[in-house]
Amino acid sequence: MRVAVGVTGGVAAYKAAELVRRLQQDGLEVEAILTRHAQEFITPLTFAALTGRKVITEMFSAEGDAPANVESAIEHIAVAQRIDCLVIAPATANTIAKLAQGIADDFLTTLYLATTVPVVIAPAMNVNMWEHAATQANLEILRSRGARIVAPDEGYLACGMVGAGRLAGVEAIAQGVFDVLGVRHDLAGETLLITAGPTCEDVDPVRFLTNRSSGKMGYAFAEAAHRRGARVILVSGPVSLAAPGGVEPVRVRTAEEMHRAVKEHLREATAVIMAAAVADFRPAVPQQTKIKRGAGSLSLELEATPDILADVARERFVATGGTAEHRGRLIIGFAAETDHVAERARAKLTAKGADLIVANDVTQEGAGFDVDTNIVTLFFREGGEVRLPQMSKFDVANRVLDELLRLRHPSSSPRSEFHASLDATRK
Ligand code: C5P
């Protein structure tokens with residue numbers, strides 16, 4: 001999703017740079033628009049560096065000039081059409097007045113008229129200007145048109161006065177944007193340790209044993225959890241996917257390395273999601289030189305790899321963040337099966353000590369390895385199961401994350417009608 005951040009001329013203009021970063025952290029594409037007055041406080045270059053895009057500062061290429069080309073003359077229309085939300089922070093009393101009256105005398109105010117997407121306005125000004133009947137009446141007009149106003153904080157103002165008018169905190173403004181976009185932010189405070197992809201177990205310097213995992217399921221979890229506000233540590237075997245922005249990637253190759261990486265980060269994790277297809281066996285004695293073709297067949301002796309999931313489940317309670325507070329760490333495992341899916345998944349729940357096993361039959365079309373969709377059934381330690389229809393791996397991830405929240409807060413988890421209807425299939 002794409003957000004336009006409009007910056008107007010107030011002392012708090014520098015905080016808009018932080019807002020851009022905050023929105024990007026949640027996977028939003030951001031473009032910045034600076035009014036002429038904003039540029040007295042902060043330079044377009046700051047926003048160009050943050051967004052990696054041209055920053056719009058003028059309606060036309062230079063004052064009095066004809067537009068350089070037709071594209072730039074109608075750029076406000078192009079921007080209006082490609083964004084999903086317009087947020088103006090800080091919004092001065094002057095800009096608020098222009099928006100309320102429909103005056104379109106610069107790019108930002110013209111864009112406001114040209115767009116139909118939700119608008120978030122975070123005012124910042126002197127307390128008297130804020131309390132002035134004109135400003136309040138203008139805000140009321142904007143509110144009645146559906147704009148989300150993120151009220152300013154009270155405190156010391158740049159002008160030396162004390163009162164309301166200080167730009168709201170970046171988190172409050174970002175929350176306003178997430179709300180109007182319908183982005184959930186319910187995993188804030190959780191640290192998810194996610195494993196993904198296959199592992200590679202060396203036979204000799206040129207050969208290895210691996211499996212068909214593409215990492216798509218685990219990476220979908222990482223992206224979904226990050227977007228919902230979680231800190232994500234993604235321990236990944238070799239895959240061709242790029243780690244989603246904002247997650248902390250840890251790259252490994254073998255089951256042994258994955259085990260070590262998971263143990264190293266376990267203390268930080270409030271929940272663990274093991275989506276990796278870890279090799280269950282590895283060559284007992286990897287050869288130091290390439291095995292030569294012989295006359296006959298070759299036998300390889302394999303040994304079991306460490307069961308990372310079972311190991312993690314053994315150590316269930318943690319002191320988080322160095323405090324004495326002990327919280328249950330939730331553990332979610334996967335079962336990729338080719339037969340007896342339900343039986344094997346239930347057996348894994350107890351054998352591995354997981355709270356939830358996400359099971360799929362990898363022989364089904366539209367499920368399993370290297371496809372963008374999955375068909376899974378969730379098996380709960382507390383009993384019961386939920387069979388989900390075929391859906392994208394991203395949707396599967398969100399659905400499982402909903403269950404993670406429900407397990408965390410059994411009585412208060414918000415549930416959509418969609419989820420309620422799916423729960424009807426719970427046996
Ligand atoms: O035993 P199986 O490999 O079928 O179990 C699958 C689940 O256990 C997955 O969540 C997988 O990530 C995890 N696993 C593990 N360490 C292993 C093997 C599997 O963590 N050595």
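As the structure lists them, so they are numbered: ligands from 1, and atoms in each ligand from 1. Excluded from the calculations below are hydrogen atoms, water molecules and symmetry mates; all remaining heavy atoms, backbone and side chain alike, are included.
The nearest protein atom to atom 16 (N) of ligand 1, hydrogens excluded, is given as Ile308 N, 3.1 Å; this is a heavy-atom distance. Summary of contacts: the protein heavy atom closest to atom 3 (O) of ligand 1 is Asp280 OD1, 3.3 Å. Ranking the protein heavy atoms by distance from atom 7 (C) of ligand 1 puts Phe334 O, 2.9 Å first. Closest to atom 13 (C) of ligand 1 among all protein heavy atoms lies Leu309 CB, 3.9 Å. Closest to atom 11 (C) of ligand 1 among all protein heavy atoms lies Ala276 O, 3.3 Å.
For the residue pair Gln390 and Thr373, a side-chain donor N or O sits within less than 3.5 Å of a side-chain acceptor on the partner. Of the N and O atoms on the side chains of His265 and Glu268, at least one donor lies less than 3.5 Å from an acceptor on the other residue. Side-chain contact, Thr199 with Glu201: a donor N or O sits under 3.5 Å from an acceptor N or O.
Note on ligand 1: His259 sits outside its first shell, no heavy atom being nearer than 4.0 Å. For the ligand labelled ligand 1, residue Ala335 lies outside the 4.0 Å heavy-atom shell. For the pair Pro306 and ligand 1, a heavy-atom separation below 4.0 Å is found.
Residue Gly333 approaches ligand 1 through these ligand atoms, each under 4.0 Å from one of its heavy atoms: 10 (O). Against a heavy-atom cut-off of under 4.0 Å, Thr305 is close to the following atoms of ligand 1: 21 (N).
Among Lys352, Arg282, Glu337, the residue whose heavy atom lies closest to atom 8 (O) of ligand 1 is Lys352.
Residues Leu401 and Arg228 have side chains in contact (heavy-atom distance under 4.5 Å, counting atoms from C-beta outward). When side chains are defined from C-beta on, Pro44 counts as touching Gln39, because their heavy atoms get closer than 4.5 Å.
Residue contacts with ligand 1, taken as heavy atom pairs separated by less than 4.0 Å, involve Lys348 solely via side-chain atoms from C-beta onward. No part of Val312 comes within 4.0 Å of ligand 1, judged by heavy-atom distances.
Cation-pi geometry between Arg344 and Phe379 is not satisfied (NZ or CZ under 6.0 Å from the ring centre, within 45° of the ring normal).
For Arg251, the CZ atom counts as loosely surrounded, since its 6.0 Å shell holds 12 or fewer non-hydrogen atoms of other residues, nucleotides or ligands. In Arg212, the CZ atom is not crowded: 12 or fewer heavy atoms of neighbouring residues, nucleotides or ligands sit closer than 6.0 Å.
For Met274, a nitrogen or oxygen atom sits less than 3.5 Å from a nitrogen or oxygen atom of ligand 1, counting backbone and side chain alike.
The aromatic rings of His185 and Phe178 sit parallel to each other, their planes meeting at less than 30°, with 60° as the upper class boundary.
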